[in-house]
Amino acid sequence: MTSALTRLRTLRELDTDVRGGRSLAHVFDSGLLEVHRIAAEAVAMYADTNGLDPAAFPSLLTMENELVGFGCDLVDAPATAVGTVTSGGTESIMLAVQGARDSRPEVAHPNLVLPETAHPSFLRAAHYFGVTPIVTRVDGHYRAQVGAMAEAMDRSTVLAVASAPSYAHGVVDPIAWIAAAAAANRIPLHVDACIGGWILAYADRVGRMKPAWTFAVPGVSSISIDLHKYAYAPKGASLLLHRAAADRRPTYFTLGEWPGNPMVSTTMQSTKSGGPLAGAWATVQTIGEDGYLGLARDCFEAVDRLVAGIKEVPGLELVVHPDSTLVVVRTDGSCDVFTVADEMLERGWHLQPQLSWHGEPPTLHLTVSAATLALVEECLAALRDSVAAARAAGPTRVERTILNRLNLLRPGDLTDEVFDDLMAAAGLAGQDGGVSVPGRTARFNVLVNAAPVAVREDLMATHVDRLFRPVRA
């Protein structure tokens with residue numbers, strides 16, 4: 001038994017450090033070590049429980065109802081509001097789309113209206129549930145265009161979508177106006193507040209403008225808001241909140257006519273560990289209202305200081321001023337963000353590069369947490385050094401022969417042989433044609449970024465497919 005734990009500790013050393021405030025992607029750090037300890041203990045305590053049957057585990061029912069109640073209070077929910085704890089933002093979003101579709105069984109060909117900056121999980125949900133996505137353009141500040149969304153809505157629209165904020169740019173859509181357009185067409189509006197809703201709820205209380213996005217806006221019918229983001233709970237837990245119980249009911253799956261026990265599933269899972277729920281409940285109970293207010297204050301201050309400092313880094317510029325806690329930057333062309341990300345990683349900082357989009361250059365995404373505040377100056381110093389190193393090296397380029405070959409590819413052309421040839425030509429092939437997670441990813445990211453979009457998707461899928469292969473005895 002101890003040998004397995006020893007190996008786990010060795011493997012864990014390969015991973016990104018989720019504590020210490022230096023990871024600005026994928027994880028959220030409150031900086032409160034005692035809270036993390038309590039949450040981990042709660043997860044372990046409930047790891048072998050099952051949320052499928054509240055009669056068997058009534059403690060899980062109590063914790064879920066209390067978490068949903070805390071979330072409802074955050075987002076100005078009416079007394080009629082209800083909610084569900086899910087495994088994460090993607091499940092919350094997928095249930096919102098599935099529930100909207102099933103609430104309109106008379107619609108033969110349902111569609112979903114959303115801005116192009118909406119989270120990809122909506123397109124995934126549309127794909128899974130047979131809903132046609134109608135994607136509308138955003139304005140010059142990356143916010144949804146109300147007129148375009150209103151024009152796209154029709155009698156077959158079962159749901160409209162807005163973000164608070166959008167992931168890629170960190171800005172809030174004009175939700176009050178979108179809600180009015182949706183209500184005029186008798187269409188429910190889902191607000192995706194997965195990444196930023198928990199902290200945006202405190203914005204006005206720490207002296208910042210609070211955009212209109214909660215249930216206080218007439219026409220908002222449901223909201224998704226993640227607990228494992230700015231509630232700082234362990235992965236994975238999210239809330240899907242509905243204005244009324246009737247709106248939630250279509251998300252349930254029930255079956256009474258089969259030889260087993262009657263089936264009622266409130267989420268896409270049946271069996272589900274109570275660990276993440278207990279971890280989220282323990283985190284929220286421990287931090288509390290005043291604690292979250294202080295964490296929000298620290299996080300917004302860190303954002304302000306980072307934004308001011310980034311403006312002074314030669315070669316870097318803000319893409320758009322953030323409405324929340326997501327800071328997005330690009331270079332002036334003297335270097336590429338992929339190399340900057342690699343240089344930051346070598347200095348102990350994990351940032352997320354984003355590919356080019358609609359002809360705009362790639363960007364660098366910083367997810368700021370409360371724990372970032374104490375390290376702002378260190379982060380800015382690392383950014384200055386990383387950009388200087390990237391500018392000295394110059395932008396990473398794709399050789400013309402490889403670029404030509406990429407442009408000739410069509411979806412489905414990327415066979416294993418073609419992929420191997422591309423990796424070899426780019427100097428990215430491993431032993432025996434294998435691939436691995438590279439220490440520096442700039443060269444691969446530049447290759448993917450240079451490919452046409454459909455081929456880009458094939459490249460990424462093939463690379464991931466190669467990563468996930470069984471280790472046989």
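Small disclaimer: the values here were computed from a predicted structure and weren't measured. Numbering of residues begins at 1 and proceeds along the displayed sequence.
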Quick one: list whatever passes side-chain contact (heavy atoms from CB on, under 4.5 Å) with Ser23, sequence neighbours left out. Thr16, Val27, His350
Taking side-chain contact (heavy atoms from CB on, under 4.5 Å) as the definition, give me every residue that meets it alongside Val264, ordered by chain and number, with sequence neighbours left out. Thr254
Residue of the set Val319, Val327, Val328 for which side-chain contact (heavy atoms from CB on, under 4.5 Å) holds with His365: Val328
Would you compute the distance between atom [atom1] of [X] and atom [atom2] of [Y] and round it to the nearest 0.5 angstrom?
| X | Y | atom1 | atom2 | value |
| --- | --- | --- | --- | --- |
| Asn111 | Leu159 | CG | CG | 10.0 Å |
| Asp29 | Thr372 | CG | OG1 | 7.5 Å |
| Leu32 | Arg19 | CG | CZ | 10.0 Å |
| Ile225 | Leu239 | CD1 | CG | 6.5 Å |

One pair to check against side-chain hydrogen bond (donor to acceptor under 3.5 Å, both in side chains): Thr90 and Ser121. What are the steps and the verdict? CA-CA 6 Å; Thr90 293; Ser121 293; 2.9 Å; yes
Assess, by modelled atom type and distance only, whether the side chains of [X] and [Y] contain a donor and an acceptor separated by less than 3.5 Å.
| X | Y | value |
| --- | --- | --- |
| Asn449 | Ser356 | yes |
| Asp154 | Thr157 | yes |
| Asp76 | Thr214 | yes |
| Ser222 | His190 | yes |

Candidate pair Glu41 and Tyr46, rule side-chain hydrogen bond (donor to acceptor under 3.5 Å, both in side chains), full reasoning: CA-CA 9 Å; Glu41 187 172 331; Tyr46 275 84; over 6 Å; no
Any salt bridge between [X] and [Y], counting N to O under 4.0 Å?
| X | Y | result |
| --- | --- | --- |
| Glu301 | Arg305 | yes |
| Glu106 | Arg155 | no |
| Lys311 | Glu317 | no |
| Asp323 | Arg208 | no |

Just say parallel, tilted or perpendicular for the rings of Phe70 and Trp198, cut-offs at 30° and 60°. parallel
Should we count CZ of Arg469 as having more than 12 external heavy atoms under 6.0 Å? yes
Within a radius of less than 6.0 Å around NE2 of His109, do more than 12 heavy atoms belonging to other residues, nucleotides or ligands occur? no
If you take the centroid of each ring, where Trp contributes its six-membered ring, are Phe444 and His463 closer together than 6.0 Å? yes
Show your reasoning for whether side chain to side chain contact (heavy atoms under 4.5 Å, CB included) applies to Cys379 and Leu306. CA-CA 8 Å; Cys379 181; Leu306 276 172; 4.1 Å; yes
